[in-house]
Amino acid sequence: MERYDVAVVGLGGLGSAACRSLAAAGLRVLGLERFGPVHDQGASHGESRGVWQAYFMGPGYVPYLRRAYTLWSELEEECGERLFHRTGGLCIGPADGALVPAARASAEQSGLTHEYLTADEVHARYPQFTPDEECAAVFDPGSGYVQPEQTVRIQLELARKYSAELRFFEEVHEITEGTGGVRVRTNEATYDVGHVVVTAGCWTPGLLPALEMPVQVLRKVMLWFQPDGGAEQFQPGRFPYWIWEGDGMVGYGHPAANGLHGGVKAGVHSGGTPADPDRVDRFVRAEEITEIQDFLRTRIPRLGVGGQYRRSAVCLYDNTPDQAFVIGRASEHGRITVAAGTSGHAFKFIPAIGESLRELVTEGAASQDLSLFSPTRFAAS
């Protein structure tokens with residue numbers, strides 16, 4: 001049995017960020033992933049993920065997002081590739097609804113540059129949108145998107161550069177903490193390590209049953225459309241990242257991340273079908289496509305009315321009851337650290353969460369305030 005300073009279980013967005021940050025700090029890192037590299041079985045795929053600072057989840061997230069913005073830039077410098085595409089972003093919905101007032105409050109309380117727009121102003125700026133007159137919007141000029149597959153690939157490459165050992169198609173079966181370390185048993189071997197970081201997404205509760213995390217796994221559908229009249233007006237710089245409250249749903253979409261012929265992405269952030277992560281139905285049905293088309297029909301007609309359905313993909317959310325993440329030390333002796341319960345909105349934080357996980361391992365506490373994300377908050381309630 002080999003000895004490592006730390007093992008990272010799960011090498012998607014969170015795990016690849018943790019591996020890179022830990023290995024760059026000089027620790028001997030073992031990364032374990034049950035699937036292959038940059039896989040599409042969890043949450044870290046789908047061509048694009050929105051990045052947003054005027055955050056409808058509340059101003060408590062904004063300092064963490066500011067740190068993430070800084071680290072996205074540093075990651076770009078380190079890898080020599082563009083990762084963060086700033087397109088501007090719109091949070092749209094009823095002026096007296098839940099989403100827009102929350103985003104506006106976050107922006108105002110945090111001193112963020114933003115604009116508050118009427119429905120007519122939204123349509124004048126972006127004629128692709130046709131909001132009802134009761135709608136308003138918060139425009140965040142610093143918003144945009146990153147590409148999850150590219151991000152995971154780069155973070156894994158950098159982790160290897162810093163001498164992390166990454167093992168794929170190796171499934172962790174048991175994690176056992178003792179006073180002097182942690183034992184990790186997989187389908188291939190048993191490892192003794194000083195610390196374990198669990199970033200296994202929807203599989204995390206099964207690996208840490210004693211934590212009793214009330215995480216619900218949801219199956220989500222992402223769709224791509226070819227706009228009526230072509231995709232020129234849906235390219236980055238002409239079309240923003242958007243999230244929209246309406247008809248009891250919250251929809252979202254991104255610019256055409258892969259050029260004129262890659263399609264324009266849209267989906268529904270709210271709702272979802274409860275799922276077993278080991279038995280996910282990855283077939284997308286006609287009624288699921290219709291649901292999103294109906295949402296787009298009166299809001300972005302060139303997608304919902306004249307747009308052609310191109311393709312689809314299924315991903316997973318791991319939702320906590322309060323929609324906040326679970327990040328922190330999660331065991332009696334403090335040798336197991338977890339980042340889970342990402343609820344479909346963590347990717348924008350990825351480099352900052354990786355930094356926090358490294359700090360929790362090496363220093364026992366994070367420089368960012370993680371009180372919102374305490375692993376023990378559900379047990380306490």
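For the numbers below, each heavy atom of this structure counts, side chains included, while hydrogens, waters and symmetry mates do not. Along the sequence shown, residues are numbered consecutively beginning with 1.
- Between Ala18 and Leu357, the shortest heavy-atom distance links the atoms CB-CD1, 3.8 Å.
- For residues 72-91, the set of pairs meeting the salt bridge (charged side-chain N to carboxylate O under 4.0 Å, His left out) definition, not counting sequence neighbours, comprises Arg20-Glu78, Glu81-Arg153.
- Both Val196 and Leu30 are part of a single hydrophobic cluster, where members link through side-chain heavy atoms under 4.5 Å apart.
- When side chains are defined from C-beta on, Arg160 counts as touching Leu166, because their heavy atoms get closer than 4.5 Å.
- Taking the charged nitrogens against the carboxylate oxygens, Arg219 and Glu288 do have a contact shorter than 4.0 Å, which makes a salt bridge.
- Annotation: Glu108, atom CD; neighbour count of heavy atoms from other residues, nucleotides and ligands within 6.0 Å is above 12.
- Side chains of Leu223 and Val284 form a contact here, defined as non-hydrogen atoms less than 4.5 Å apart.
- Panel note: side chain Asn187, backbone Glu171; a donor-acceptor pair is recorded below 3.5 Å.
- Taking the centre and axis of the six-membered ring of Tyr116, the NZ or CZ atom of Arg104 falls inside the cone set by 45° and 6.0 Å.
- Nearest heavy atoms, Tyr252 versus Val268: CE2-N, 3.7 Å.
- Side-chain atoms of Arg302 come within 3.5 Å of backbone atoms of Asp228 as a donor-acceptor pair (strictly under, hydrogens ignored).
- Put simply, Phe347 and Leu372 are part of the same group of oily side chains (I, L, V, M, F, W, Y) that touch within less than 4.5 Å, one to the next.
- With no hydrogens or angles considered, no side-chain donor-acceptor pair links Ser21 and Glu355 at under 3.5 Å.
- Neither side chain, His85 nor Tyr241, offers a donor N or O lying under 3.5 Å from an acceptor on the other.
- Counting heavy atoms from C-beta outward, Val338 and Thr204 have side chains that approach closer than 4.5 Å.
- In this structure, Ser44 contributes its side chain and Pro148 its backbone to no donor-acceptor pair below 3.5 Å.
- Between the Arg329 side chain and the Gly334 main chain, a donor and an acceptor come within less than 3.5 Å of each other.
- Proximity of Tyr64 to Tyr69: side-chain heavy atoms (C-beta onward) are nowhere separated by under 4.5 Å.
- Atom CD of Glu287 has more than 12 heavy atoms from other residues, nucleotides or ligands within 6.0 Å.
- With hydrogens and angles disregarded, no donor-acceptor distance shorter than 3.5 Å links the side chain of Gln293 to the backbone of Gly304.
- Under 4.0 Å is where a charged nitrogen must lie from a carboxylate oxygen, and between Arg377 and Asp322 at least one such pair does.
- Of the possible polar contacts, none joining the Ser143 side chain to the Thr87 backbone as a donor-acceptor pair under 3.5 Å is found.
- The number of heavy atoms from other shown groups lying within 6.0 Å of CD (Glu157) is above 12.
- Ring pair Phe84/Trp72 is tilted by interplanar angle, where 30° to 60° counts as tilted.
- For the atom pair OG (Ser367) and CZ (Arg67), the distance works out to 6.5 Å, reported to the nearest 0.5 Å.
- Contact between Ser16 and Gly13 at its shortest, heavy atoms only, is OG-O, 3.2 Å.
- In the hydrophobic clustering of this structure, Leu90 does not group with Tyr55; members are Ile, Leu, Val, Met, Phe, Trp, Tyr whose side-chain heavy atoms approach within less than 4.5 Å, directly or through other members.
- Closest approach of His114 and Leu112 over heavy atoms only: ND1-O, 2.8 Å.
- Here SG of Cys19 is found 14.0 Å from CZ of Arg358. Values are rounded to the nearest 0.5 Å.
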Discussion item. Using ring-ring contact (aromatic ring centres under 6.0 Å, His included), reason through Tyr4 and His195 one step at a time and then give a plain yes or no.
Written reply: CA-CA 8 Å; Tyr4 297 87; His195 201 112; over 10 Å; no
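- Under the 6.0 Å distance and 45° angle rule, Arg311 counts as a cation-pi partner of Trp224.
- Arg238 contributes atom CZ, which lies 9.5 Å from atom CD of Gln128 (distance to the nearest 0.5 angstrom).
- Taking Glu177 as the reference, Val182, Ser331, Glu332, His333, Arg335, Ile336 meet the side-chain contact (heavy atoms from CB on, under 4.5 Å) condition, with sequence neighbours excluded.
- The ring of Phe325 has its center closer than 6.0 angstrom to the ring center of Phe349.
- Contact annotation: the side chain of Leu65 approaches that of Lys348 to within less than 4.5 Å [non-hydrogen atoms, C-beta and beyond].
- Asp5 has no carboxylate O lying under 4.0 Å from a charged side-chain N of Arg28, or vice versa, which leaves the two without a salt bridge.
- Listed by first then second residue, pairs satisfying ring pair (Phe, Tyr, Trp, His ring centres under 6.0 Å) with a partner in residues 21-41 read Phe35-His39, Phe35-Trp203, not counting sequence neighbours.
- Looking at heavy atoms from C-beta onward, Leu11 lies out of side-chain contact with Leu32 at the 4.5 angstrom threshold.
- At a threshold of 4.0 Å, the pair Arg285-Glu291 does not count as salt-bridged, since none of the basic side-chain nitrogens sits closer than that to a carboxylate oxygen.
- One distance of note links CG of Asp294 with CD1 of Ile289; it measures 12.0 Å at 0.5 Å rounding.
- Although no hydrogens or angles enter the test, the distance criterion places a donor-acceptor pair under 3.5 Å between the side chain of Glu149 and the main chain of Gly46.
- For the pair Lys265 and Glu47, the salt-bridge criterion is not met [side-chain N within less than 4.0 Å of a carboxylate O].
- Formation of a donor-acceptor pair under 3.5 Å by the His345 side chain with backbone atoms of Gln323 is found in this model.
- Using modelled atom types and a 3.5 Å distance limit, the side chains of His173 and Thr186 yield no donor-acceptor pair.
- Heavy-atom minimum distance, Ala54 versus Asp140: N-OD2, 3.1 Å.
- Under a hydrophobic clustering in which Ile, Leu, Val, Met, Phe, Trp and Tyr are joined whenever their side-chain heavy atoms come within less than 4.5 Å, directly or via other members, Leu208 and Val172 fall into the same cluster.
- Expressed to the nearest 0.5 Å, how far CD of Gln155 lies from CD1 of Ile350 amounts to 6.5 Å.
- Note that CG of Leu71 and CG of Leu75 are 8.5 Å apart. Values are rounded to the nearest 0.5 Å.
- A heavy-atom distance below 4.5 Å is not found between the side chains of Arg167 and Phe169.
- Under a hydrophobic-cluster definition in which Ile, Leu, Val, Met, Phe, Trp and Tyr are linked whenever side-chain heavy atoms come within less than 4.5 Å, directly or via other members, Phe295 and Ile300 are assigned to the same cluster.
- Proximity of Ser356 to Leu370: side-chain heavy atoms (C-beta onward) are separated by under 4.5 Å at one or more points.
- Between Gln235 and Pro255, the shortest heavy-atom contact is C-CB, 4.1 Å.
- Note on Arg125 versus Asp120: no salt bridge recorded, every NZ/NE/NH1/NH2 to OD/OE distance being 4.0 Å or above.
- Paired with His269 under the rule ring-ring contact (aromatic ring centres under 6.0 Å, His included), one option of Trp244, Tyr317, Trp242, Trp52 passes, and it is Tyr317.
- Residues Arg310 and Gln226 have side chains that bring a donor and an acceptor to within less than 3.5 angstrom of each other.
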Practice prompt. Start with the C-alpha distance between Arg3 and Asp192, add both sets of side-chain angles, then the distance that settles salt bridge (charged side-chain N to carboxylate O under 4.0 Å, His left out), and finish with yes or no.
Written response: CA-CA 5 Å; Arg3 182 80 183 188; Asp192 285 326; 5.5 Å; no
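- Although no hydrogens or angles enter the test, the distance criterion places a donor-acceptor pair under 3.5 Å between the side chain of Lys220 and the main chain of Ser270.
- The main-chain N or O of Met249 is never found under 3.5 Å from a side-chain atom of Asp247 such that the two would form a donor-acceptor pair.
- Between Phe56 and Tyr61, the ring centre distance reaches or exceeds 6.0 Å.
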